[in-house]
Structure formats: C-alpha cells, structure tokens
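Report on the following structure.
Heads up: numbering here begins at 1 and tracks the sequence.
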Amino acid sequence: MTVVAYALAVALNVFILYIGTRFLLRPFVAAAGYGIPATQDRAYLEIKGLRDATFGIVGLVLLAFAGAHAAAWFMLAVAVAPLGDTVIVLRHGGRRSVAFGIHFATAVVVLVSAGLLFAV
C-alpha cells in the first residue's frame, strides 16, 4: 500500500507540474485542453501555469522531506482546485465531458491519493 500511495502522489504531482509548465510555454493550447479556449490575455494563463507548477513542486517537496501525512493534508487541500475547475468549465460553457471527465475525475483521484497517504 505504501508504494501505491507514494507512486500515485508522485504521478499526480509530476502531472500537475507538467500541466503548469504547458500553460507557461503554450498557454493557448493548454487553455483549449482545460476546456475553455482562450483567445487573448496570456498573463492569466501564465498565472494558472505558475499556480499548477507550484502545486506540483510543493507536493513533491512534501513527499520527499515532510512525509506521507503532510503530503496527504496537502493533497486534501489542493483537491479544491480541480473541483473549482469543474465549476469554472461548466459556468463558462465548456463541455460537461471535460468538466467531469477531466477536472472532477482529477479531484476524485487526488482525494483517493490523500486517503492512501493518510493510511501510510
């Protein structure tokens, strides 16, 4: 169980770091993948990229240096972001399949990861 808990947490943190980096380097492409295409204002897309990259870095640092329980609390707290992303996509006319299939599903997996880390 410990290996699964850590592997899932590492994978999630690396993935959000990748998403953040993608928003910083290719913001309009990343925005389309988010579920709400953007046509201007690169700055806000870069802000999202920095936020996501920071989440990934902090999660990895907690796993490496603070342990499973600290990382579990972090995962529990950051699950708010994909839940909020679900609402944002729905409120702005994005596809329900993206809102639930990507963002809500991510929130569920992050919560599962938190539960596994709490069990370590």
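- Atom CZ of R51 has more than 12 neighbouring heavy atoms from other residues, nucleotides or ligands inside a 6.0 Å radius.
- Nearest heavy atoms, L45 versus A31: CD2-CB, 3.8 Å.
- Proximity of a side-chain donor or acceptor of S113 to a complementary backbone N or O of V109 within less than 3.5 Å is not detected.
- Linking ILVMFWY side-chain heavy atoms closer than 4.5 Å, directly or via other members, places Y6 and L116 in a single hydrophobic cluster.
- Cluster annotation: I19 and V10 are assigned to the same hydrophobic cluster (Ile/Leu/Val/Met/Phe/Trp/Tyr, side-chain heavy-atom contacts under 4.5 Å, transitive).
- Taking all atoms of both residues into account, the shortest heavy-atom contact from G35 to V98 is CA-CG1, 3.7 Å.
- Nearest heavy-atom pair, H92 versus I36, reported as atom, atom and distance to 0.1 Å: CB-CD1, 3.7 Å.
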Would you please test L83 and V87 for side chain to side chain contact (heavy atoms under 4.5 Å, CB included) and show each step? CA-CA 7 Å; L83 288 172; V87 173; over 6 Å; no

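- A continuous path of ILVMFWY side-chain contacts below 4.5 Å connects V78 to I88, so both sit in one hydrophobic cluster.
- Hydrophobic clustering of Ile, Leu, Val, Met, Phe, Trp and Tyr side chains at less than 4.5 Å, counting indirect connections, keeps F28 apart from L24.
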One pair to check against side chain to side chain contact (heavy atoms under 4.5 Å, CB included): L90 and F100. What are the steps and the verdict? CA-CA 9 Å; L90 292 172; F100 292 106; 3.8 Å; yes

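- Atom CD1 of I16 and atom CZ of F23 lie 9.0 Å apart (nearest 0.5 Å).
- The two residues L111 and A79 come nearest to each other via the heavy atoms CD2-CB, 3.6 Å.
- Each of L76 and L63 belongs to its own hydrophobic cluster when Ile, Leu, Val, Met, Phe, Trp and Tyr are linked at side-chain heavy-atom distances under 4.5 angstrom.
- Interatomic distance, I47 CD1 to R42 CZ, rounded to the nearest 0.5 Å: 12.5 Å.
- In this structure, H69 NE2 and L62 CG are separated by 13.5 Å, a value rounded to the nearest 0.5 Å.
- Smallest separation of non-hydrogen atoms from A5 and V120: CB-CG2, 3.6 Å.
- Closest approach of I102 and G33 over heavy atoms only: CD1-O, 4.1 Å.
- Under the side chain to side chain donor-acceptor pair (under 3.5 Å) criterion, D52 pairs with K48, not counting sequence neighbours.
- Between the side chain of T86 and the backbone N or O of F104, at least one donor-acceptor pair lies under 3.5 Å.
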Let me see the working for V110 and F55 under side chain to side chain contact (heavy atoms under 4.5 Å, CB included), right down to the final yes or no. CA-CA 12 Å; V110 170; F55 282 170; over 6 Å; no

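- Among residues two or more places apart in sequence or in another chain, the ring pair (Phe, Tyr, Trp, His ring centres under 6.0 Å) test is passed with Y34 by H103.
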